[in-house]
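Taking it in order: structure first as structure tokens, then the write-up.
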Amino acid sequence: MTDTPAEPTSKPFSGSTSKPWEHAKQGPGSASDELATRFVQSLSHDRRLYKQDIAGSLAHARMLQKVGLLTAQELQRIEQGLAQIQAEIEASAGEFGAAWPGWKPELEDVHMCLEAALIERIGEPGRKLHTGRSRNDQVALDLKLWIEEADAQLRQRFDALFRAFVGLARRDGLIVMPSYTHLQRAQPIVVGGELIAWLAAFDRAQHRLAALRTVNRHNPLGSGAIAGTSLPLDRHHTAAALGIGPPTPSSIDATASRDAAIDFVYALAMIAMTLSRWAEQWIVYASTEFGFISLDPRYTTGSSMMPQKSNPDVLELIRGRCGAVYGHLVALLTICKGLPIGYNRDLQEDKRHVFEAFDRVAECLDMAAMVVATTRFVEDKINQGLSDGFLDATCLAEYLVSKAVPFRTAHQVVGSLVLQCQKQGRPELSRLTVDEINSACAGAGIDGRPCGPDVYEWLGPRNVVRRYVSYGNAGVRGFQEQLEAWEKRLSGV
Ligand code: ARG
């Protein structure tokens, strides 16, 4: 195609209640009924996609020019028109430029509003933009581009959360505390060992987000409504320009599937689940009974009736908001269940769930970073109960193993020593004498006297946390090794 405009011109759309794409329909259509207009529109949600929609349109227009379906002048007008529209939206008040006059619910969605506004501003060339594409491939693309951006925003939030955990670990990490299985006292650890556990879980949650995105790295633009087009589109060109992956290999699947949205929300649900578990743990730790942590008063609230209260409401809300995120995941899965392979309008319902799930998780991550950054572990209170619960029992068994006693026998010996202490009201294994330990060994049929005075280096929580040597342990060595790795990572070394 050349730059000489010898083509026929057409009448621009001027109706305000009918839709420019419904000429072949009998009757006035849904736009003439207020309730139907409201019911059919997705503009109230998908305005949020305007930037992505414009980016997709620019890539599409540049490709149309390259293959000769637009002239260079037409492309230039389209580029200018879209830039002007984007600037106008960005200058408009309200969320996602809500006050922009181009948002017309009777035009249904962001795609039609932007196209109508373009035609209004630049006339005829604007009417060529939709060549070889459909809202079906447009919306699939927009959502993928949006997820890319949302993911980048989540990465920043994770970064803040990681920094907060590392800061707390650096400060309070060496405090010795009990660990719990079945919420019963288990083995001694250091606070940092548990903080590293949360870091590991959140790190995995972040990687899951990235990993699931790689499954969906194909670009649907140019798939059209369902079957592709007889026009010579160069989909590889648009895909390269947008940089989210090669063109989708099936125009039908590309417009019919929402796997990218579901995978994204699943990854969000896993983040929400991890946040909820962490919040629960700290709610327990903040109770008077535990008193392991003190929360910053900014993140607790009082009671309207009980004057003494300071409740961990922020943590409770983080725990509770997880429910809605699961709800959005189930909603998406259910919307897609039973859909024939081709675009169905049910798919329009996807975005509100994607956006809502993202907003909830994003605000919870922000809040979590603030809570972590301002929480302190209360060493005195943790110390008070540290000698309860025979936390060093496993280490005593391991001491005997180091003296060639089989582990199962050592387990039996220590079990009998714990019973003996409990019966005699002695709260700590470190109060046993070497003779008492050796006679328990003899009772289990062990020859010789495996226990010597060095046993006391293996007893008491403070000794135990220094003895762990296995990679990834929650004692001093494991914690310090992981902390160092996190510090390196966060300083970008
Ligand atoms: N607004 C729709 C959505 O969000 C895209 C429009 C597709 N409409 C159609 N009639 N094919 O999915």
Side-chain angles (χ1 to χ4, degrees), residues 13 18-33 36-57 60 89 96 98 100 102-119 129-147 149-150 216 219-229 248 250-262 264-265 328 331-358:
F13 166 68
S18 63
K19 302 177 187 184
W21 63 101
E22 290 194 339
H23 352 265
K25 253 178 86 179
Q26 298 285 331
S30 61
S32 62
D33 181 276
T37 299
R38 247 189 294 135
F39 191 71
V40 166
Q41 65 87 26
S42 53
L43 190 58
S44 47
H45 302 102
D46 63 20
R47 277 191 278 117
R48 190 166 176 169
L49 294 173
Y50 76 85
K51 248 194 292 168
Q52 289 74 20
D53 202 71
I54 290 174
S57 288
H60 187 68
I89 296 173
F96 316 116
W100 184 56
W103 300 132
K104 295 173 181 160
E106 67 275 15
L107 293 181
E108 293 187 1
D109 53 31
V110 64
H111 323 292
M112 296 315 298
C113 287
L114 293 178
E115 190 188 318
L118 182 69
I119 293 169
L129 178 60
H130 213 51
T131 307
R133 80 171 183 184
S134 150
R135 283 185 290 166
N136 300 353
D137 58 337
Q138 249 182 299
V139 70
L141 170 73
D142 292 359
L143 201 52
K144 280 194 173 182
L145 291 175
W146 187 88
I147 289 171
E149 199 185 306
N216 298 296
N219 189 324
L221 185 61
S223 296
I226 179 163
T229 171
T248 45
S250 159
S251 58
I252 300 180
D253 173 57
T255 48
S257 303
R258 287 296 178 271
D259 296 17
I262 296 169
F264 179 61
V265 176
H328 294 305
L332 274 176
L333 287 166
T334 313
I335 287 166
C336 292
K337 166 193 173 297
L339 286 187
I341 192 122
Y343 177 84
N344 297 276
R345 195 63 178 257
D346 315 44
L347 293 176
Q348 177 167 290
E349 293 299 300
D350 61 354
K351 282 169 287 297
R352 65 178 89 210
H353 296 292
V354 175
F355 297 157
E356 275 286 316
F358 169 78

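Sequential numbering from 1 along the given sequence is applied to the chain's residues. This one's a predicted model, so the numbers in the text were calculated from it and none came from an experiment. Order of listing sets the numbers, starting from 1, for every ligand and every atom in it.
Among protein heavy atoms, atom 11 (N) of ligand 1 sits closest to Asn136 OD1, 2.9 Å. Considering only non-hydrogen protein atoms, atom 3 (C) of ligand 1 sits nearest to Tyr343 OH, 3.3 Å.
Here the side chain of Asp109 pairs no donor or acceptor atom with the backbone of Ser42 at under 3.5 angstrom. For the pair Thr37 (side chain) and Ser30 (backbone), a donor-acceptor distance under 3.5 Å is present. Looking only at distances, no side-chain donor or acceptor of Ser257 sits under 3.5 Å from a matching main-chain atom of Ala254. Checking side-chain atoms of Asp46 against main-chain N and O of Val110 turns up a donor-acceptor pair under 3.5 Å. Put simply, the side chain of Asp137 gets close to the backbone of Ser134: a donor and an acceptor are under 3.5 Å apart. His60 places a side-chain N or O within 3.5 Å of a backbone atom of Thr131 that can act as its donor or acceptor partner.
Set against the non-hydrogen atoms of Asp109, the atoms of ligand 1 under 4.0 Å away are 1 (N), 2 (C), 5 (C), 6 (C). Listed by number with element, the atoms of ligand 1 under 4.0 angstrom from any heavy atom of Lys351 are 3 (C), 4 (O), 12 (O). Near Gln348, the atoms of ligand 1 lying under 4.0 angstrom from a non-hydrogen atom of the residue are 1 (N), 2 (C), 3 (C), 4 (O), 12 (O).
Heavy-atom proximity to atom 8 (N) of ligand 1, evaluated over Arg258, Met112, Arg135, is greatest for Arg135.
Residue Arg345 places a heavy atom under 4.0 Å from ligand 1.
Ring-plane geometry between Trp146 and Phe264 is classed as perpendicular, the angle between the planes exceeding 60 degrees on a 0 to 90 degree scale with a lower cut at 30.
Neither the backbone nor the side chain of Gln138 has any atom closer than 4.0 Å to an atom of ligand 1 (non-hydrogen atoms only).
The N/O atoms of Ser42, backbone and side chain alike, include one that comes under 3.5 Å of an N/O atom in ligand 1. No N or O atom of His111 sits closer than 3.5 Å to an N or O atom of ligand 1.
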